[in-house]
Amino acid sequence: MNFNLPVLAPSILAADFSKLGEQIYQCLEAGIQWIHCDIMDGHFVPNISYGPAIVETVRKIAPEAFLDVHLMIENPDQYIEDFSDAGADLISVHYEACPHLHRTIQNIGQHGCMTGVVINPATSVELLRPILPEVDLVLIMSVNPGFGGQSFIESSVEKVRHLVQLRNDLNQNFLIEIDGGVGLNNIAKLTSAGTDILVAGSSVFKTDNIPARISELTTKALSGTDKVI
Ligand code: DX5
Ligand code: ZN
């Protein structure tokens with residue numbers, strides 16, 4: 001699958017679930033290609049969100065969209081098949097939740113999905129070195145996972161730069177994604193640092209005009225890159 005980078009990935013956690021279909025259509029019409037699905041189990045993170053049935057629903061609403069499934073759960077191996085069957089294109093698991101991360105990443109790949117690893121704000125990028133050749137994407141959490149609408153943790157920008165450097169040094173080509181507190185005030189800085197995929201929940205959905213907001217975010221995201229707008 002080819003994407004025009006940088007990609008804006010709305011997180012439906014912040015959507016109005018009574019209008020989920022309508023709000024997803026608004027995103028698609030505004031040019032969105034990726035939809036970010038946040039899965040929380042009330043154990044790895046304090047909150048409970050939704051499971052494979054909602055991912056399957058999103059797949060039905062948006063058959064062509066790229067479904068980016070972020071598992072904030074314990075024992076992710078137990079659920080990889082369910083999320084793959086539900087229509088996930090990419091499944092990301094937390095470094096902190098996987099004692100056998102290499103095996104879990106292999107498991108995701110064997111289910112035909114792209115593979116992602118996620119690190120919490122207190123986890124160093126350096127710890128990912130051994131797994132980097134095995135993954136398609138690295139997701140840097142820029143808030144502590146569990147809730148939408150939190151403030152962006154500034155040190156995450158430096159983590160993106162560090163990861164870009166590691167990607168060059170190791171001659172790899174994984175995508176770099178950021179998640180949490182992304183909005184109009186920081187998106188250009190993030191793309192300028194080298195972020196490929198920008199998850200945005202509140203900044204996309206907590207507004208009266210979703211398409212206008214997507215357009216503003218996209219313009220600012222592009223302004224941080226050397227691409228012509
Ligand atoms: C946090 C989730 C995020 C969250 C982003 O645990 O992983 O994807 O929904 O929401 P905002 O953009 O509101 O910080
Ligand atoms: Zn997320």
Side-chain angles (χ1 to χ4, degrees), residues 6-17 20 23-24 27 32 34-52 54-55 58 65-74 76 79 83 86 88-98 108 113-123 135-157 159-160 175-191 195-208 210 213-214 216-218 220-221:
V7 161
L8 181 66
S11 164
I12 58 163
L13 188 67
D16 177 344
F17 272 63
L20 185 61
Q23 295 197 339
I24 289 175
C27 289
I32 290 300
W34 281 43
I35 295 173
H36 185 84
C37 299
D38 284 310
I39 314 301
M40 304 177 182
D41 65 352
H43 293 277
F44 179 66
V45 291
N47 199 7
I48 297 176
S49 59
Y50 54 83
I54 295 287
V55 175
V58 176
F66 184 88
L67 297 192
D68 165 21
V69 174
H70 174 194
L71 298 184
M72 286 161 274
I73 64 175
E74 287 178 1
Y79 298 98
F83 285 103
D89 291 297
L90 176 143
I91 298 179
S92 297
V93 290
H94 271 258
Y95 173 88
E96 301 85 1
C98 298
I108 296 170
C113 295
M114 281 174 66
T115 58
V117 62
V118 194
I119 50 170
N120 279 337
T123 303
V135 296
D136 298 306
L137 176 143
V138 175
L139 169 49
I140 294 176
M141 287 308 300
S142 41
V143 297
N144 286 294
F147 302 94
Q150 302 181 77
S151 299
F152 183 81
I153 298 172
E154 271 316 311
S155 53
S156 315
V157 182
K159 283 173 116 175
V160 171
L175 294 163
I176 299 176
E177 181 174 38
I178 199 134
D179 185 4
V182 174
L184 291 169
N185 59 333
N186 56 17
I187 197 164
K189 182 168 55 182
L190 288 165
T191 51
T195 312
D196 300 306
I197 316 289
L198 303 117
V199 177
S202 309
S203 63
V204 166
F205 291 105
K206 305 290 188 203
T207 158
D208 292 339
I210 292 172
R213 180 56 62 80
I214 288 172
E216 284 177 292
L217 285 165
T218 306
K220 281 201 189 276

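Whatever order the structure lists them in is the order used to number ligands and atoms, beginning at 1.
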Look only at interatomic distance and state if [X] has a nitrogen or oxygen under 3.5 Å from any nitrogen or oxygen of ligand 1.
X: S11; answer: yes
X: D38; answer: yes
X: G181; answer: yes
X: G146; answer: yes
X: G201; answer: yes
X: G149; answer: yes
X: S202; answer: yes

Quick one: closest heavy-atom pair of [X] and [Y], and the distance?
X: S92; Y: D68; value: OG-OD1, 4.5 Å
X: N120; Y: E96; value: N-OE2, 2.7 Å
X: M72; Y: V45; value: O-CG2, 3.7 Å
X: V55; Y: L67; value: O-CD1, 3.9 Å
X: A86; Y: P52; value: CB-O, 3.5 Å
X: E177; Y: L137; value: OE1-CD2, 3.3 Å

**Message:** Could you check whether any side-chain N or O of T115 sits under 3.5 Å from a backbone N or O of D136, counting only pairs where one atom can act as donor and the other as acceptor?
**Reply:** yes
Under a 4.0 angstrom heavy-atom cut-off, which atoms of ligand 1 come close to [X]?
X: P145; value: 6 (O)
X: M40; value: 6 (O)
X: H36; value: 8 (O)
X: L13; value: 9 (O)
X: M72; value: 6 (O), 7 (O)
X: G180; value: 14 (O)
X: H70; value: 7 (O)
X: V199; value: 8 (O)

**Request:** Measure the distance from atom 3 (C) of ligand 1 to every protein heavy atom, then report the residue, atom name and distance (to 0.1 Å) of the closest one.
**Result:** D179 OD1, 2.9 Å
**Message:** Could you identify the single nearest non-hydrogen protein atom to atom 10 (O) of ligand 1 and state the distance to 0.1 Å?
**Reply:** G148 CA, 3.6 Å
**Complete:** When rounded to the nearest 0.5 Å, the distance separating OH of Y50 from CD1 of I39 is 4.5 Å
**Request:** Say whether H36 and D38, considering side chains only, have a donor N or O and an acceptor N or O under 3.5 Å apart.
**Result:** yes
Are [X] and ligand 1 in contact, using a heavy-atom cut-off of under 4.0 Å?
X: F147; answer: yes
X: A14; answer: no
X: M141; answer: yes

**Prompt:** Can you tell me if NZ on K220 sees more than 12 non-hydrogen neighbours from other groups inside 6.0 Å?
**Reply:** no
**Request:** Give a yes or no on this: more than 12 heavy atoms of other residues, nucleotides or ligands lie within 6.0 Å of atom OH of Y79.
**Result:** no
**Message:** Working note: V7 + D196, criterion side chain to side chain contact (heavy atoms under 4.5 Å, CB included); need CA distance, chi angles, decisive distance, verdict.
**Reply:** CA-CA 6 Å; V7 161; D196 300 306; over 6 Å; no
**Item:** For the Zn ion (ligand 2), the closest N/O/S atom belonging to H70
**Value:** ND1
**Asked** the Zn ion (ligand 2) as vertex, arms to OD2 of D179 and OD1 of D38: angle to 10°?
**Response** 170°
**Complete:** Exactly one of V143, V157, N185 clears side-chain contact (heavy atoms from CB on, under 4.5 Å) with F152, and that residue is V157
**Request:** Mind telling me whether F44 and H94 have parallel, tilted or perpendicular rings, with 30° and 60° as the class edges?
**Result:** tilted
**Request:** Measure from the Zn ion (ligand 2) to each N, O or S atom of H36 and report whether any distance is below 2.8 Å.
**Result:** yes
